[in-house]
Amino acid sequence: MKKSGLNNMPRVRLLAIAAAAVAISACGGGGGGGGFSVLPIAPAPAPPPSAPVADNSAPCFNEADFREGTTVELEAAKLGADPVSAPSHRKSVTEGREMFAGANPIAINVGSETVQMLQVTENTVKKEYRDFVGGNILLYGKSTTYKLTIDPELAATRPADFPKSQVNSDSQAFEPPFSFPIDMKPGQVVNQKLSITKNRTFYGQSDSLSIPATGELTYHGREKLETPLGTFDTCKLSLKITIGASVISKDATQELWLAAEGPYRGQLLKGSDAKSSQLVTKMTYSPK
């Protein structure tokens, strides 16, 4: 069979004509707009699609949680535990700003308890310190304060200079605060070097210890989660804290599922660590 002249044409010339034809076609051809037909040319590969907006993590954080007066009260059951086991309970109340670790972050009361022991009352308050600045969440640390108060009848039997109350405390601060954006894409990792400073005050004696650490937050993407509260689209994240340096170090990792929709948007629905997993079974969320 006789080969066409097109197939006998030198390769360089063929490519030049094809390129010219594409340029003319892009301009609408000649004066008549029809141009002339060209051999099909494979399009350049499209760039990989960016993560759809619906897959980002921003909806899983709620700015209301940083407003004074917002309250979250929940119960959670340990997965795999005996069904009759008592669920864990947590109530958090967003308070105002408070001095902590040389800064003025937002204090969140995550547990208050009063215990009466004979003629001594112990009030325990646990707080976490956070802030929301420029689209980023900053984690400052946490503290526990124990206030012991003796009964007035007991105080009357003690010397006049005997202390009627005593305040002890423990705190753990990130320096600098661990910071991450609320708007993350699936697979995005935030890694930050910091130090963890532990302070303790016990019956007037204080001590402090600072150790190097690394914080790593990974956003894994969206995941449907079935809970007793309903089925929700959630953001799955993991937070890994490595304490120490070199070969002398210790890791602690938590996996978190935060609601991306519905009346509990931004709230933790499931949490997991090396010891156990817990699923929220009841929740009352009152945002401000």
Side-chain angles (χ1 to χ4, degrees), residues 65-76 78 85-131 138-178 194-213 215 241 243-245 248-250 252 254 268 271 273 275-276 278 284 286 288:
D65 294 336
F66 296 87
R67 299 186 191 128
E68 187 171 356
T70 291
T71 302
V72 184
E73 190 165 7
L74 60 83
E75 287 186 0
K78 184 182 295 186
S85 299
S88 60
H89 177 268
R90 172 182 166 113
K91 180 179 180 180
S92 67
V93 180
T94 303
E95 300 180 345
R97 294 189 175 276
E98 186 176 304
M99 292 302 298
F100 178 79
N104 193 31
I106 296 169
I108 300 175
N109 186 323
V110 295
S112 297
E113 183 181 28
T114 300
V115 177
Q116 185 72 38
M117 301 175 292
L118 299 177
Q119 292 178 290
V120 178
T121 302
E122 181 182 64
N123 294 295
T124 303
V125 177
K126 297 180 179 180
K127 293 186 179 184
E128 296 176 355
Y129 300 89
R130 311 171 193 166
D131 212 341
L138 287 76
L139 305 180
Y140 285 83
K142 60 183 180 179
S143 71
T144 304
T145 302
Y146 311 89
K147 183 177 181 181
L148 301 173
T149 305
I150 64 173
D151 186 87
E153 292 184 2
L154 176 61
T157 66
R158 301 298 177 183
D161 59 350
F162 188 85
K164 307 301 186 295
S165 63
Q166 178 69 48
V167 178
N168 301 320
S169 65
D170 285 298
S171 68
Q172 179 175 295
F174 296 136
E175 298 178 3
F178 183 65
L194 43 84
S195 64
I196 297 178
T197 300
K198 296 183 178 182
N199 293 300
R200 185 187 188 205
T201 300
F202 188 70
Y203 288 99
Q205 301 296 317
S206 299
D207 59 72
S208 179
L209 174 66
S210 184
I211 52 179
I241 301 294
I243 300 175
I248 307 175
S249 63
K250 183 179 180 180
Q254 291 182 317
L268 180 67
D273 58 23
K275 295 181 180 179
S276 64
Q278 291 197 337
T284 301
S286 304
K288 293 296 182 180

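Keep in mind the model is a prediction, meaning the values are calculated, not measured.
- The backbone N or O of Gly204 sits nowhere less than 3.5 Å from a side-chain atom of Ser206 that would complete a donor-acceptor pair.
- Residues Leu268 and Leu74 are not in side-chain contact: their nearest non-hydrogen atoms beyond the backbone lie 4.5 Å or more apart.
- Asn109 is linked by a side chain to side chain donor-acceptor pair (under 3.5 Å) to Glu95, Ser112, counting only residues two or more places apart in sequence or in another chain.
- For the pair Phe178/Ile241, no side-chain contact is recorded, criterion being any heavy-atom separation below 4.5 Å from C-beta on.
- A pairwise comparison of heavy atoms in Lys288 and Thr70 identifies N-OG1, 3.0 Å as the closest pair.
- Of all heavy-atom pairs between Lys275 and Asp273, the closest is N-OD1, 2.9 Å.
- A heavy-atom distance below 4.5 Å is found between the side chains of Ile211 and Ile243.
- Checked against side chain to side chain donor-acceptor pair (under 3.5 Å), Ser208 has the following partners two or more places apart in sequence or in another chain: Asn199.
- The list of salt bridge (charged side-chain N to carboxylate O under 4.0 Å, His left out) pairs with a residue in residues 102-122, not counting sequence neighbours, is empty.
- Looking at Asp207 and Gln205, their side chains never come closer than 4.5 Å, going by heavy atoms from C-beta outward.
- Minimum interatomic distance between Asn168 and Leu148 (heavy atoms only, all atoms of both residues): ND2-CD1, 4.4 Å.
- Atom CG of Leu118 is surrounded by 12 or fewer heavy atoms from other residues, nucleotides or ligands within 6.0 Å.
- With sequence neighbours excluded, the residues that form a side-chain contact (heavy atoms from CB on, under 4.5 Å) with Pro176 are Gln192, Leu194.
- Smallest separation of non-hydrogen atoms from Asp131 and Pro105: OD2-CA, 4.2 Å.
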Quick one, Thr94 with Glu68, criterion side chain to side chain donor-acceptor pair (under 3.5 Å). Give me CA distance, side-chain angles, the key distance, then yes/no. CA-CA 5 Å; Thr94 303; Glu68 187 171 356; over 6 Å; no

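- Looking at every heavy atom in both residues, Phe66 comes nearest to Ile106 through O-CD1, 3.4 Å.
- Shortest non-hydrogen contact noted between Tyr129 and Ala107 is CE2-CB, 3.8 Å.
- Counting only residues at least two apart or on different chains, the salt bridge (charged side-chain N to carboxylate O under 4.0 Å, His left out) pairs with a member in residues 146-175 are Asp170-Arg200.
- A centroid separation of 6.0 Å or more is found between the aromatic rings of Tyr140 and Phe100.
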Name every donor-acceptor pair, under 3.5 Å, that has one atom in a side chain of residues 86-93 and the other anywhere in the protein, sequence neighbours excluded.
unit_1 : atom_1 : unit_2 : atom_2 : d
Ser88  : OG     : Ala76  : O      : 3.3
Ser88  : OG     : Gln278 : OE1    : 3.2
His89  : NE2    : Glu73  : OE2    : 2.9

